[in-house]
Amino acid sequence: MPKNSIPYAAVFGCSGLTLTDEEKRFFDDVDPFGFILFGRNVGTPLQVAALVDELRNCVGRRAPVLIDQEGGRVQRLKPPHWRRRPPMEVFGRLAERDLALARRAAWLDARIMADELFELGIDVDCAPLLDLRVSGADDIVGDRAFGSDPALVADLGRAVMDGLLDGTVIPVVKHLPGHGRALVDSHLDLPVVDADLKTLESSDFAPFRSLRDAPWAMTAHVVYSALDPHRPATTSKRVIETVIRGAIGCEGVLLSDDLSMKAMKGGFAERAQDSLDAGCDIVLHCNGDMAEMQAIALALKPLSDGAQMRLARADSMLRNRPLPVDADATLDNWLAENGR
């Protein structure tokens, strides 16, 4: 692939604790916009920081490095080197008794988490999750959600978003326009949500509409029958233009969910092409499989002008707010007393 002054619109994973020679050559040649880390890439703090530097050296710039560090079941950085983080449901339960305290605790949790990420050179966290917890749905959301009330989810999601930004880490709200009603796990199959548009607008879309100013956002590999019965949101121009950018008003960088998930069909070049054509700014591929990444690279193009403007806006939102004194002890006390 010829070199371009503008990076290509992809975020890729890698296979292990260090880069292979093949990965170094591939990333140097393709020049992806950024990278993402998973549990297989995490050993010690020194190793993670070295891997982050190694990834950036491949492309010769400070490329964004992402991670899924929500808390609970979705936590790539784990003890003994990093704090065990609670699932978001804990803050939702606390909010039932004291909303102000829950909001403060959620902010503080995210702010401490941002410090842990920033020390490693990781500058984008795929959180907060704004999906609703819906009775009878697949447990892929479950306790990862703040709860079932759209207003509460928006409120606590805002607190987490602000905590990350205050710690100079970019948050990614997910999964637009709402994954909570899915009856199957999109890692394993393609969910189809049959709720009518009025229901979706009043519930599932509402938290995302409240946080439409989020710097980055991630799509859902979910078909919404009322919107586009043939394509999941990630590859549906109708869903992205009329709902995500339209009715919801999402202003941020739009990142696809992982193209290697089994909800996605077709070849990997086709998946990437369809996602970018539908309106995703950047495609995400997480599993580090070289053959799949090579196929995706065939469909890539440089970041669009719109994507570059949204990325610049996201960077301008970063803040550097100091942590309160004894922040760790304060959070531990709150969680121990109020629902951890």
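What's counted below: heavy atoms across the whole structure, side chains too, no hydrogens, waters or symmetry copies.
- L55 and V59 fall within a single hydrophobic cluster, where Ile, Leu, Val, Met, Phe, Trp and Tyr side chains are chained together by heavy-atom contacts under 4.5 Å.
- Across all non-hydrogen atoms, the minimal contact from A137 to G180 is CB-O, 3.1 Å.
- In this structure, N57 CG and D28 CG are separated by 11.0 Å, a value rounded to the nearest 0.5 Å.
- Legend: residues meeting salt bridge (Lys or Arg N to Asp or Glu O under 4.0 Å) with K301, ordered by chain and number and at least two apart, are D277.
- The number of heavy atoms from other shown groups lying within 6.0 Å of NZ (K265) is above 12.
- Although no hydrogens or angles enter the test, the distance criterion places a donor-acceptor pair under 3.5 Å between the side chain of R271 and the main chain of G266.
- Looking at every heavy atom in both residues, A154 comes nearest to S210 through CB-CB, 3.7 Å.
- D196 is not listed as a side-chain neighbour of E201, based on a closest heavy-atom distance of 4.5 Å or more.
- Note on L130: it clusters hydrophobically with I240, by side-chain heavy-atom contacts below 4.5 Å among ILVMFWY residues.
- Judged by distance alone, with hydrogens and angles left aside, the side-chain atoms of D228 form no donor-acceptor pair with the main-chain N or O of V239 at under 3.5 Å.
- With R212 contributing its side chain and E251 its backbone, the two residues share no donor-acceptor pair below 3.5 Å.
- In terms of modelled atom types and a separation under 3.5 Å, the side chain of R56 and the main chain of G121 share a donor-acceptor contact.
- Of the charged side-chain nitrogens involved, none lies within less than 4.0 Å of a carboxylate oxygen, so that D213 and R313 do not count as a salt-bridged pair.
- Side-chain contact check for V42 versus H81: every heavy-atom pair is 4.5 Å or farther apart.
- For the residue pair H221 and T234, a side-chain donor N or O sits within less than 3.5 Å of a side-chain acceptor on the partner.
- Using a cutoff of 4.0 Å between basic side-chain nitrogens and carboxylate oxygens, K262 and D185 are not scored as salt-bridged.
- Taking the six-membered ring where tryptophan is involved, the planes of F33 and W216 are tilted, since the angle between them lies from 30° to 60°.
- Qualifying salt bridge (Lys or Arg N to Asp or Glu O under 4.0 Å) partners for K24, counting only residues two or more places apart in sequence or in other chains: E54.
- Remark: side-chain polar atoms of S236 are not paired, donor with acceptor, to backbone N or O of A233 under 3.5 angstrom.
- Residues R181 and L200 have side chains in contact (heavy-atom distance under 4.5 Å, counting atoms from C-beta outward).
- Just one residue in the list P177, C280, S275 forms a side chain to side chain contact (heavy atoms under 4.5 Å, CB included) with T219, and that residue is C280.
- R76 and G39 get closest at one heavy-atom pair: CD-N, 4.1 Å.
- Two residues are said to be in side-chain contact when any heavy atoms from C-beta on lie closer than 4.5 Å; D68 and K174 meet this criterion.
- Contact check for I67 versus L120: no side-chain heavy atoms found under the 4.5 Å cut-off.
- Judged by distance alone, the side chain of N41 and the main-chain N or O of F38 form a donor-acceptor pair under 3.5 Å.
- In this structure, V11 and F35 approach most closely via the heavy-atom pair CG1-C, 3.5 Å.
- Hydrophobic clustering (ILVMFWY, side-chain heavy atoms < 4.5 Å, transitive): L17 and F27 are in distinct clusters.
- Between the side chains of D194 and S225, at least one donor-acceptor pair of N or O atoms lies under 3.5 Å.
- Under the 3.5 Å distance criterion, the side-chain polar atoms of R209 are left unmatched by any main-chain donor or acceptor of A247.
- S15 and E23 form a side-chain donor-acceptor contact under 3.5 Å, judged by distance and modelled atom types alone.
- Between the CG atom of L94 and the CG atom of L101 there is a distance of 4.5 Å, given to the nearest 0.5 Å.
- Between the S256 side chain and the L284 main chain, a donor and an acceptor come within less than 3.5 Å of each other.
- Within the 4.5 Å cutoff, no side-chain heavy atoms of D138 are placed close to those of P191.
- Between D332 and R83, at least one side-chain nitrogen of the basic residue sits less than 4.0 Å from a carboxylate oxygen of the acidic one, meeting the salt-bridge criterion.
- Atom-to-atom distance recorded for I170:CD1 and L164:CG is 10.5 Å, nearest 0.5 angstrom.
- Atom CG of D281 and atom CE of M309 lie 10.0 Å apart (nearest 0.5 Å).
- For the atom pair CG of L190 and CE of M264, the computed distance is 9.0 Å after rounding to the nearest 0.5 Å.
- Put simply, V141 and L132 are part of two different groups of oily side chains (I, L, V, M, F, W, Y) that touch within less than 4.5 Å, one to the next.
- The pair R61-D31 meets the salt-bridge criterion, since a charged nitrogen lies less than 4.0 angstrom from a carboxylate oxygen.
- Closest of all the heavy-atom pairs between E292 and H285 is OE1-NE2, 2.7 Å.
- In this structure, H175 and V222 have side chains that are not in contact, with every pair of non-hydrogen atoms separated by 4.5 Å or more.
- Between V90 and R93 there is a side-chain heavy-atom pair separated by less than 4.5 Å.
- Pairs of residues two or more places apart, or lying in two chains, that qualify as side-chain hydrogen bond (donor to acceptor under 3.5 Å, both in side chains) and include a residue from residues 109-118 are R85-D109, R85-E116, R111-D115.
- Pairing each heavy atom of L66 with each of L255, the nearest pair is CD2-CD2, 3.8 Å.
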- Message: Set out, in order, the CA-CA distance, both residues' side-chain angles and the distance that settles side chain to side chain contact (heavy atoms under 4.5 Å, CB included) for M88 and V160, then state yes or no.
- Response: CA-CA 10 Å; M88 294 302 98; V160 170; 4.3 Å; yes

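- M317 and F208 fall within the same hydrophobic cluster, where Ile, Leu, Val, Met, Phe, Trp and Tyr residues are linked whenever their side-chain heavy atoms come under 4.5 Å apart, directly or through other members.
- Within the 3.5 Å criterion, the main-chain N or O of V65 finds a donor-acceptor partner in the side chain of D123.
- The CG atom of D289 lies 11.0 Å from the CZ atom of F12; values are rounded to the nearest 0.5 Å.
- Looking at D258, its side chain does come within 3.5 Å of a backbone N or O of C286 through a donor-acceptor pair.
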- Message: Please determine whether side chain to side chain contact (heavy atoms under 4.5 Å, CB included) holds for the pair V30 and I296, giving the CA-CA distance in whole Å, both sets of side-chain angles, and the decisive distance to 0.1 Å.
- Response: CA-CA 10 Å; V30 172; I296 287 170; over 6 Å; no

